[in-house]
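Quick note on labels: first sequence line is chain A, next is B, and so on, each numbered from 1.
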Amino acid sequence: MEEASTAAKEDEPHLKKQTWKPTPKAFHLYSVAPNGDSSEKSGALRVVVRKPLVLRLTTDLVETYKICNPTFKYSEALNPKRYLTSPSVGVLNDGYDNANSDLILSVNYVLVNAAKQQRYIVKDLLGHGTFGQVAKCWVSETNSYVAVKIIKNQPAFFQQAKVEVNILSVLNEKYDPEDNHHIVRMLDYFVFQRHLCISFELLETNLYELIKMNQFRGLSLGIVQLFSRQILRALILMKEAGIIHCDLKPENILLCASVKPAEIKIIDFGSACSEHRPIYSYIQSRYYRSPEVLLGHQYTTAIDMWSFGCIVAELFLGLPLFPGASEYDLLRRMIKILGAQPPDHLLNEAKYTDKFFKRAGDILDVENNETSFSSIGSFQVLTEEEFEARDLKRPLIGKEYFNHMKLEEIVTNYPPSKRLTEEEMSKDKSTRLAMIDFLRGLIEFDPSKRWSPLQASGHPFVTGEPFTCPYKPPPETTRMFVTPNFKVDHRPAAGHWIPAGFSPQVSSMNRGPAHNSLHFQMVPYSHAGSYGSLGSHGSYNEGGLGSSCGSYGDDSSLYGYYSPAGPSGLTIHAQGAIPIFGASPDARRRTSQFSHGNGLGVGSTANFGPMSLGASPSQFTPPSNIQVSSGSPGKYGPSSPARGSGVHGSPLGKVAVVGQFNKRRSWVHPGSFSTQAQENNSSSLRQGNFTDTASCSYPEGNARPHGGSPRGGAQSNTNMPNWRQHRGGVRFNSVSSSNAVQQTTGSFSFSDDKPDSSSIPDPGDWDPNYSDELLLQEDVSDTSSLTSDFANGMRLGHSLNSGVATAGVARQYRASYSVHSGYHPSSQRVTGAIQGYSNSDVGSPPSAHDLHVGFGRPPSKPSHLMPHFSQNSPSRFGHQHGLRPNYAPSTFVHVGSDWMYPNFHPPLPNCNAAGPRSPGSSTFSNSVPWGRRSGLPVASIPPMSHARKDY
Amino acid sequence: MFNPTHHNNNASATDPLFLASSGDYIRIWEIQHNSNSSNGCSSITQKSVLDNSKCSELCSPLTSFDWNPMEPRRIGTSSIDTTCTVWDVERGIVEMQLIAHDKEVHDIAWGESSVFASASADGSVRIFDLRDKEHSTIIYESGDSSLSQSTPLLRLAWNKQDLRYIAATLMDSSRIVVLDIRFPVMPVMELSRHRGSVNAIAWAPQSSRHICSAGDDSQALIWELPAVAGPSGVDPVLAYTAESEINQMQWSPLQPDWIAIAFASKLQLLKV
């Protein structure tokens, strides 16, 4: 309207100028049919005879030139290409991929599903992320556009994307054949130039962009209700299918292009998992992260309901309800706005409770203990100062958007979107009250009290019925918690974490909760732990930890948050105190985590082979490993390891994350991080190479990787039929020699793997691995390094799982896993395990490293790999490795989320959580992440070949 | 040397009279009045050839060019190789070459000294600002927004009296779309009274509301654009019927009362 009025004003002077009028001199006044018939006929005839000159000079210009010069030739192939992918220099995959393993797309590039003879003509880029790219493609047969997600040519991403394909297949075909539940439709998937491509219906803008277009003013209540109903329909279906989205946020909810008004769909199942196999512990984008995930508790589909509540509030408010700048800040905001804190049963069981809370007992000992504490229960959230003291780092606190701190006040006092009549005012008021009641049922600290999608769908806010009194939902069937096995995995990790917490206090805190989880893990781990792992721990601690701790100081905060690895060193000590396992278990876990990084890396390599076949998640892990090693050493130096690793890890995930942060949340370390991230990327690539190597070795069996260390060299030679493996082995050896400490770490990780394998049996259809990645990503900026370590451990487990899930992939994974666990029936596994053990015992440190090295070597760029290893200080390695794995997972997560929008990246932060958990879940989660990471890096170089084979 | 099927576009003339022609390359010609020649005939000499082809064998034929009236050292060319090239005529170098479209670029027109628009076989009209080479603005796309293949656009003309408006013609279409650059996607009006495909369009140099079009129906039509298009469309105010299909039409900036049309082997000057 404004423009129209200005246009009118501008028109006036023009009118004044326009004294000129054409006069009918040569021309005559126009009449409807001037000389009509004859000229029309003749014109029509001539058109048939020859084309208008203008056509011959434009569309048929080449033909015209040929008439003039028969030798004239012109080829469209000579046209300069408009590249959509950046960088557009082909360095990988025979020049098809750029340095990021992204397929280099240009306008009119054709993606082909060879099996279906279906062509997708790339027209534009819709977005890109750590997972790869999303292109808008033309399908000539249907005369329509689709969105094609082109996954990076790295095993970890490849595997993760397979999980997404599996989940969407089930959701689309089995549960929602009529497309009534607002879940994006997957149309096709195929492998092209070693890239997994998934074709989706083309949707429009996402809800974050919608809010942004609205200048971050809230949407009208009617729209919020409309969207809420639709999201609930999707959540009902997902709960029925037992699928947890794990990354619900406005960026992942898109408007439909269809004629239906304001129809939305949920996208990005790249982080999703089966409720029965929630492998990742660090998931969900931070603003939308549920308390149970934040605290490292087991989770269910209820975490999506929490996110849903946050989304509903954000749609109405225009700004996120809990814009936590850090996990601590997130928790602080939750407690403040909700006027409550997580229930004691959750805090008692959660892994990371001690990161954020004091127990009543502790409180009493506090010097300035205040009486007010007692009223809160047995847990007291740490103050900023206390958190800083414990974490050695000041928590990031974001700025406050709402003056009214209670949810009720925030909603009630939010200015209406438009001026209302009195009648509308009263309706608005009652609808707001209904929404407050609705939000209270969703944003509920206790997952067991939080409403299910079905329960929520009966709320007056959704049904539109008048809101008269607080809604009492009908009873829901008993909450399904993760199966014990699963719990074990996660918990154990958590347990590790706690001890891991560098601060001694933390360790004590952790013991309680951790123990529980530990027990589970312990059993599986016990093998590994007992042997080398303990010893390695000792070595690790002394050499690595001692120094590393100091160095970590900076990073410590990171550790505190997520990374299990960091804590592990500490944990060991603490664990000693711990009754259950004895110190060794903890140490094992911890070590294992670190070592996982290395070990995982190896494992991930193995994954590569498998990846190509199946979509097993395990592949993902590899990338992380890679990143870790390269990044931390050089750039960050010892202290930085955590950071560096975090960064490195991120390369895949983090970088993206950083970008996201910048976009959406500027306050997050924008500048420095991003830079690092980039650097990391490069490093990651190298790492990736490493992993690749590792993957090569896998085919033969995990044995190689394990053997990777000194032994590995020999083993690898024998085992490996694959030249790659051999290379890896060799390299490993060299590496190991240089980094004794690191190597130890590696051994530890192996032990962890074993436990993982034990847990592995579960590996279900879905890849739970994701979560780890997510976790890693999340805190990348802060805690990422720590997390990554944890994640690494987790990843190992994941890879195993993944292996199980996918037959082809599974095999390889298993092999790697088997080594660790010994559970695996396959002989390879056993050997691997043995080796792993032996390695740890002998040169425990070296073994892990060796594996890593091996990975690096195999790839085309051995040199890179080697340098990285050497660069990494021993201590760093362990940490870094751990971290990296996390990243990788995170990356994956991101991928899922990212695919449509850059914004998705923010979710990555979630990864961190997974990392810590990973120890516990290490069996599953750990293995997965590793596989992924290593796989990813590998993918870039060797992966290609692997991928091919698989395909 | 000179592509015979190409007409010369007399785009601009400054003190020493220069003539530019397009074909395989842009050629700049200098017209010198022979003062010692009693009959007043002038000689034309080729000043320069602007050749940007990197491959010696093949050139990328140019489809059109426009001499920037606000910045006379700039000539913009459009080519079937999907690019637009901006030449610094004085120095004889390429100022920049942009991959402007996904398919052949059929026409180019300057709006401001550093802003040009282009029309392409990909069915879009895009506006480029040389100060921000990373982006272009798509202000029109033929065909249904997301479905069906788009119709190639052949020619466009930028209203120099009111830079908000651009007119464009479609392949094998009797329609002229008038675009308002402030409102992308939807044309503000369509002129569809031709009964054959439109071959040429030109805005009046002295009026912001008048445009002339010529087409295969042998007609040249002068339109006065209303503030708001009526439901039945816009009728032209004046018409001229030539002997055969009008291939080319120019509205002289220097002699705004004259319109030149070319059909068959004839050139006619029409006074308005």
Can you establish whether the number of heavy atoms outside K212(A) located under 6.0 Å from its atom NZ is more than 12? no

Greatest number of heavy atom pairs closer than 4.5 Å to chain A - which of I246(B), T83(B), I222(B): I222(B)

Under 3.5 Å, side-chain donor or acceptor atoms of residues 253-262 of chain B against the rest of the protein: list the pairs with distances, not counting sequence neighbours.
unit_1: D257(B); atom_1: OD1; unit_2: W20(A); atom_2: NE1; d: 3.4

For S86(A), what residues pass the side-chain contact (heavy atoms from CB on, under 4.5 Å) criterion, not counting sequence neighbours? none

Contact summary for A220(B) and F27(A), nearest pair of heavy atoms: O-CE2, 3.3 Å

Max heavy-atom pairs within cutoff under 4.5 Å with chain B, candidates N108(A), V54(A), T58(A), V62(A), goes to T58(A)

Measuring from L55(A):CG to N199(B):CG, what's the distance to the nearest 0.5 Å? 7.5 Å

Any idea which heavy atoms bring L238(B) and L29(A) closest together, and the distance? CD2-CD2, 3.5 Å

Tell me, side chain or backbone of D107(B) under 4.5 Å from chain A's heavy atoms, or both, or neither? neither

Taking every non-hydrogen atom, the tightest pair across R155(B) and L57(A): NH2-CB, 4.2 Å

Could you tell me the separation between the CD1 atom of I80(B) and the CG atom of L61(A), rounded to the nearest 0.5 Å? 5.5 Å

Chain A: which of V237(B), T169(B), T82(B) shares the most heavy-atom pairs with it under 4.5 Å? V237(B)

Given heavy-atom pairs under 4.5 angstrom as the criterion, report whether the side chain, backbone, both or neither of E224(B) touches chain A. side chain

Does CZ belonging to F192(A) count more than 12 external heavy atoms closer than 6.0 Å? yes

When every non-hydrogen atom of A26(A) is compared with those of Y240(B), the smallest separation belongs to O-CD1, 3.3 Å

Using side-chain heavy atoms (C-beta onward) and a distance below 4.5 Å, is T241(B) in contact with H28(A)? yes

Give the minimum heavy-atom separation between Y65(A) and L62(B), together with the two atoms involved. OH-N, 4.3 Å

Out of curiosity, K271(B) NZ to T23(A) OG1, how far, rounded to the nearest 0.5 Å? 7.5 Å

Can you establish whether the number of heavy atoms outside M96(B) located under 6.0 Å from its atom CE is more than 12? yes

